[in-house]
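Structure provided below as structure tokens; questions to follow.
Order of the sequence lines sets the chain letters (A, B, ...), proteins ahead of strands, with each chain counted from 1. Values below: every heavy atom of this structure, side chains too, minus hydrogens, waters and symmetry copies.
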Protein chains: 2
Amino acid sequence: MEYSELVRILEDLVRLPIYGIIGKLKDTPILLSTVEGKVSISALIGDKLRVLTKESIASSAIPKSHLDFVPFTRDIEKGKELHSIHIVNLKGEEYEVASPKLRIFSLAYDEKNIAFIGSSQSESSLYVIEGGKIRKIANVPPFSFVTDLNGEYIIGSGVLKGNPKSQEFFVADLSGNIRIFTPKDGSINTAYYIKDNKIYIISDYENPGESYWVYTFDFQKYERVEFSEKDIYNYKAVELYYNPEDLLIIAKRDGQSKLFFNGKMLNTLDGTISGATKIGDNVYFAHSSLATPYRVYKLNLRNNKTEVIISNKEVDIGKVEYVKIRNGDIEVPTWIIRANKPTKIGIVYVHGGPWAEVDNGWDLLIAPLVYAGFNVVAPNYRGSTGYGSKFNLMDIGDPGGGDLSDVVRARDYAIENGIAEKIGIMGYSYGGYMTLLALGKLPDKWDFGIAGASVADWVEMYDLSDSFFKSFMEVLFMAKNLDLMKDRSPITYVNNVKAPLCIIHSQNDTRTPLVPVLRYVQELQKGWKTFEFHVIPNLGHTIYKIDDAIDLLLPALIFLKKLFG
Amino acid sequence: MEYSELVRILEDLVRLPIYGIIGKLKDTPILLSTVEGKVSISALIGDKLRVLTKESIASSAIPKSHLDFVPFTRDIEKGKELHSIHIVNLKGEEYEVASPKLRIFSLAYDEKNIAFIGSSQSESSLYVIEGGKIRKIANVPPFSFVTDLNGEYIIGSGVLKGNPKSQEFFVADLSGNIRIFTPKDGSINTAYYIKDNKIYIISDYENPGESYWVYTFDFQKYERVEFSEKDIYNYKAVELYYNPEDLLIIAKRDGQSKLFFNGKMLNTLDGTISGATKIGDNVYFAHSSLATPYRVYKLNLRNNKTEVIISNKEVDIGKVEYVKIRNGDIEVPTWIIRANKPTKIGIVYVHGGPWAEVDNGWDLLIAPLVYAGFNVVAPNYRGSTGYGSKFNLMDIGDPGGGDLSDVVRARDYAIENGIAEKIGIMGYSYGGYMTLLALGKLPDKWDFGIAGASVADWVEMYDLSDSFFKSFMEVLFMAKNLDLMKDRSPITYVNNVKAPLCIIHSQNDTRTPLVPVLRYVQELQKGWKTFEFHVIPNLGHTIYKIDDAIDLLLPALIFLKKLFG
């Protein structure tokens with residue numbers, strides 16, 4: 001395959017728009033989409049997509065249906081993730097509200113105020129913007145997120161009691177009084193919505209470690225939310241998200257999600273639902289699968305007819321399979337996507353996070369790999385979401401330990417089952433970390449490695465991190481455990497690397513900074529290891545524009561082409 | 001322009017074959033070419049090109065017309081320039097002769113023996129291979145080259161008297177006795193051919209600093225070679241190369257070369273002649289210009305008719321212009337190639353060497369830049385070849401001084417004359433060095449910079465270099481002058497860099513090693529300068545395969561696309 005054909009494939013796939021429905025403003029469905037090549041807030045007006053925001057955005061608050069505007073953040077430091085806050089309305093008019101230049105991972109609003117948590121190098125705090133003025137309400141534990149704001153209360157969740165294995169929720173008032181709640185010590189809770197003086201939470205406290213349900217909390221007691229139809233109970237979801245206004249549930253198990261209205265399963269294809277909202281009798285939802293790009297549908301609740309509102313290109317990616325690979329006393333849920341043209345070259349694709357997953361949804365990193373002709377094996381190693389909180393927390397205190405063994409087991413499975421004769425490992429962020437660690441600790445297992453936005457040295461990274469990411473590491477390692485961090489750092493094993501390695505890193509990455517990776521590269525060069533290295537400018541950890549995805553992926557595809565033709 | 005279109009343009013242009021005629025074996029013209037995507041020795045058999053060598057080669061000896069084989073070198077350390085020696089014959093049969101794993105920049109042969117100069121970290125020596133056995137004949141000054149071997153004598157040239165501003169020639173016998181000669185102390189001499197007990201040299205001793213002529217030396221006296229026809233005298237060549245067997249002269253002035261038979265000018269187009277040889281009444285020559293890719297022609301001396309033997313694609317690169325830009329008391333001969341689609345974005349292209357030039361010949365780095373839509377300004381700064389030895393030696397003791405001022409003057413000229421409103425600087429090797437230095441010393445002059453295989457720190461590079469490149473630096477700086485080296489090192493000025501910068505480097509480069517550049521990049525990152533950085537594996541300083549050229553150029557073109565669309 002010529003270089004130009006490779007680049008064309010990449011461009012074609014990466015430019016296929018991504019759609020996620022995040023709610024509605026008035027009677028207008030609101031989406032995040034990449035339809036114009038950048039992440040934007042869009043609206044479905046007359047069932048046609050209209051982009052509201054002009055330049056790319058970083059994140060959005062959940063829209064409030066009784067309002068006609070929604071706040072969002074922009075990264076104003078070329079990828080370094082220092083944010084400004086803006087609002088956009090249904091007419092596409094934008095206003096900048098504030099420019100605190102903090103790392104803002106969560107924000108919420110009502111008709112009067114905006115609340116957000118902002119992190120700096122030294123601290124994280126809850127802020128409110130009232131009448132255009134920013135006011136710090138209170139310090140908060142850095143690993144926390146604000147989710148809703150409703151007149152007097154601000155709610156959110158996070159690791160609030162200092163126990164890395166549990167999550168609590170908080171209720172704050174505008175004076176800065178914060179109360180922390182949990183239905184049961186040690187449980188995992190997310191509070192996400194205030195309605196009628198009740199707080200809606202998703203919790204695993206009734207089935208600890210295994211599955212979640214939705215509850216309301218009225219400051220006295222917790223009540224299970226029940227539904228009139230039975231389908232949701234028979235579905236045995238592991239995770240679910242419930243919108244009490246629309247009575248819509250998105251429930252998930254085994255990497256697939258289904259849509260329910262008041263408990264009744266709606267007719268959707270295999271894959272994942274990326275958001276839904278109800279306008280009158282119509283339910284709008286976005287859907288994709290590993291093999292099918294995102295589409296937006298409208299389902300009429302009265303006659304159950306579904307139509308495609310926003311279509312997408314038909315692609316023939318490859319054959320998708322879901323297996324559970326045994327590794328000791330756990331099973332590793334793994335997605336395998338075989339290229340259409342038979343091949344014996346495999347790539348173990350390690351997702352980032354680590355508290356994330358590969359599910360049956362369109363994946364911007366996986367699709368080009370398969371389309372370029374490789375069999376991709378994507379394990380959900382312990383620590384992944386989607387399989388219950390017990391599985392999700394198995395990596396706490398053990399990053400690069402059990403989770404790495406799961407990745408290696410998936411690799412061995414691929415070899416044993418003839419999926420690949422030559423096999424490499426690739427990942428971004430935590431996936432890039434695992435790639436470097438795997439290449440150094442088990443050098444004979446891999447024929448190549450591709451590491452994007454990776455961690456080379458946890459210890460050096462800790463010193464460079466802001467309060468949020470220091471906290472992230474203290475949760476991941478159970479404490480500021482420098483010895484363990486060193487033992488689990490790829491730079492400790494760099495001399496053992498054998499396989500050719502492609503390292504891709506954004507210059508302005510402030511989550512997984514470049515500086516330790518530069519040092520790792522110097523060590524690779526000292527040892528005359530075969531590697532290539534690409535530093536991309538004006539980019540940080542997160543992709544806001546599709547061209548950025550091409551910048552990150554193209555070196556990887558060229559590297560693979562040079563290895564395998 | 002989409003990425004894929006950019007890549008296609010690059011591939012199309014870079015894959016246009018390059019041809020250079022290096023002599024003949026028996027009655028068969030012998031060429032170096034890149035017709036199969038790699039540097040190879042080829043033959044014109046029945047006026048059709050037949051590739052003789054299988055894998056890419058590094059360099060070749062000059063073929064001897066009475067023999068049917070020629071020796072050549074291969075880089076056997078993935079670009080690190082440690083060579084093995086092979087021979088290939090007219091049937092395309094190859095034999096490995098020896099694998100000394102030294103840096104071999106020159107080799108010569110006769111029917112029995114092969115002579116070469118090989119450099120290691122510690123020394124450079126003249127070797128002979130007799131009956132398959134390598135024998136070291138003598139140590140030689142590292143900056144020297146062997147050119148011919150004829151039974152009892154081995155000849156060559158270089159900086160043999162320790163004076164960086166003069167070059168002498170040597171005659172060695174197989175026992176290791178070396179005699180050093182010069183027609184006049186301080187002159188520049190190259191001995192290149194032994195015939196009838198006479199040594200042919202090219203020297204400037206009769207017109208010191210200004211132009212060269214051909215002489216013979218019989219160990220007693222020097223004699224001017226004279227020609228029957230007058231054209232060569234009227235041409236007033238600055239440089240010339242004379243083949244006494246064919247009576248062919250390639251004479252050069254003002255960046256163009258012409259072909260002469262026994263002094264009579266043959267009918268060739270503007271551009272440069274990349275080698276010629278005579279078979280009977282036919283003169284075969286290769287030709288290109290900045291705007292026309294290489295072609296091979298056959299000219300019949302009897303009727304003066306010329307036909308194209310090996311054609312090439314027609315390209316419409318742009319409009320070529322040659323100007324002499326005044327800078328103080330010198331003129332800087334400069335080639336300007338304007339893109340077809342009018343643009344105000346210019347690139348000052350700085351050639352490597354520094355003892356090399358941009359002439360009116362097809363240039364693999366310049367053509368894609370112009371075709372991608374940029375106006376290229378290519379100055380022959382002081383130190384360049386092609387304009388006499390005085391001009392050539394003006395950079396000795398002053399690298400990054402006067403030559404940099406010439407490059408800056410060319411930049412200013414481009415702005416003053418409306419050739420560009422935005423202008424950047426780009427170069428490979430010494431050109432990469434000048435790019436980094438210019439960006440640091442004159443940060444306001446440049447809108448961007450692209451530096452390939454650059455020097456970031458002469459001092460650190462000196463320690464990493466082998467005997468040849470230590471010697472190269474001692475000539476360039478007039479001595480091992482560490483203070484001057486530091487003053488002229490880009491890393492000294494890295495904090496002043498303003499323009500976005502793209503740095504491309506081969507991992508295995510042993511001429512301009514990666515390690516100092518890694519340190520330079522760390523300094524860039526400390527200062528949060530905007531840059532991108534690409535390390536290419538399995539590649540050294542020299543390109544042996546066309547795919548390597550694509551690896552080096554593609555990041556540069558993508559960088560420019562992101563800057564200017």
Side-chain angles (χ1 to χ4, degrees), chain A residues 2-12 14-15 77-80 448 500-510 513-526 528-539 545-548 550-551 553-555 558-559 561-563 565, chain B residues 2-12 14-15 77-80 448 500-510 513-526 528-539 545-548 550-551 553-555 558-559 561-563 565:
Chain A
E2 298 284 2
Y3 280 111
S4 52
E5 197 190 333
L6 195 67
V7 178
R8 194 188 44 77
I9 284 174
L10 178 59
E11 278 186 312
D12 283 352
V14 165
R15 293 197 194 284
E77 278 288 332
K78 296 189 194 169
K80 289 183 197 163
F448 62 89
L501 175 46
C502 176
I503 301 176
I504 304 164
H505 214 99
S506 299
Q507 202 205 339
N508 292 341
D509 196 322
T510 55
L514 172 62
V515 167
V517 176
L518 278 174
R519 203 158 54 79
Y520 181 87
V521 165
Q522 281 178 315
E523 295 300 313
L524 282 177
Q525 181 64 6
K526 271 190 211 163
W528 282 110
K529 311 291 183 186
T530 299
F531 70 93
E532 53 183 271
F533 181 42
H534 303 275
V535 176
I536 318 291
N538 294 325
L539 194 60
K545 300 195 299 294
I546 292 309
D547 281 356
D548 298 337
I550 294 177
D551 282 345
L553 277 166
L554 185 56
I558 291 177
F559 170 76
K561 172 181 157 65
K562 285 192 289 191
L563 278 176
Chain B
E2 297 286 2
Y3 280 111
S4 53
E5 198 190 332
L6 194 68
V7 178
R8 193 185 48 76
I9 284 174
L10 178 59
E11 277 185 311
D12 283 354
V14 166
R15 293 195 195 285
E77 278 287 334
K78 296 188 195 169
K80 290 182 197 165
F448 61 88
L501 174 47
C502 176
I503 301 176
I504 304 164
H505 214 98
S506 299
Q507 201 203 340
N508 292 340
D509 195 323
T510 55
L514 172 62
V515 166
V517 176
L518 278 173
R519 206 158 53 78
Y520 181 88
V521 165
Q522 281 178 313
E523 295 300 315
L524 283 176
Q525 180 65 6
K526 271 189 212 166
W528 282 110
K529 311 290 183 187
T530 298
F531 71 93
E532 55 182 270
F533 181 40
H534 303 275
V535 177
I536 319 291
N538 294 326
L539 194 61
K545 300 195 301 296
I546 291 310
D547 282 355
D548 298 337
I550 294 177
D551 282 345
L553 277 167
L554 185 55
I558 291 177
F559 170 75
K561 171 180 158 63
K562 286 192 292 192
L563 279 177

Exercise. Is chain B contacted by the side chain of A:Asp12, its backbone, both, or neither, given a heavy-atom distance below 4.5 Å?
Worked result: neither

Problem set entry | Contacting region of A:Lys529 [heavy-atom separation from chain B under 4.5 Å] | backbone

Exercise. If every non-hydrogen atom of A:Thr530 is compared with every non-hydrogen atom of B:Pro537, which pair is closest and at what distance?
Worked result: CG2-CB, 3.9 Å

Exercise. Please walk me through it: do A:Ile558 and B:Ile550 pass side chain to side chain contact (heavy atoms under 4.5 Å, CB included)?
Worked result: CA-CA 11 Å; A:Ile558 291 177; B:Ile550 294 177; over 6 Å; no

Problem set entry | Under 4.5 Å from any heavy atom of chain B - which part of A:Leu539 | neither

For this session: Identify the heavy atoms of A:Glu532 and B:Val535 that sit nearest to each other, and give their distance.
Result: CB-O, 2.9 Å

Seminar exercise, completed: Checked A:Ile504, A:Asp551, A:Ile503, A:Val521 vs chain B; the most non-hydrogen pairs under 4.5 Å come from A:Asp551

Seminar exercise, completed: CH2 (A:Trp528) and CD (B:Glu77) are apart, to the nearest 0.5 Å, by 9.5 Å

Exercise. Would you say the side chains of B:Gln525 and A:Gln507 form a donor-acceptor pair under 3.5 Å?
Worked result: yes

Problem set entry | chain B contact via A:Ile536 - which portion, at a heavy-atom distance below 4.5 Å | both

For this session: Rounded to the nearest 0.5 Å, what's the gap from CZ on A:Phe531 to CG on B:Leu514? Could you check?
Result: 5.5 Å

Exercise. When rounded to the nearest 0.5 angstrom, what is the spacing between NZ in B:Lys562 and CG in A:Asn538?
Worked result: 8.0 Å

Exercise. So which part of A:Leu10 gets closer than 4.5 Å to some heavy atom of chain B, the side chain, the backbone, both or neither?
Worked result: neither

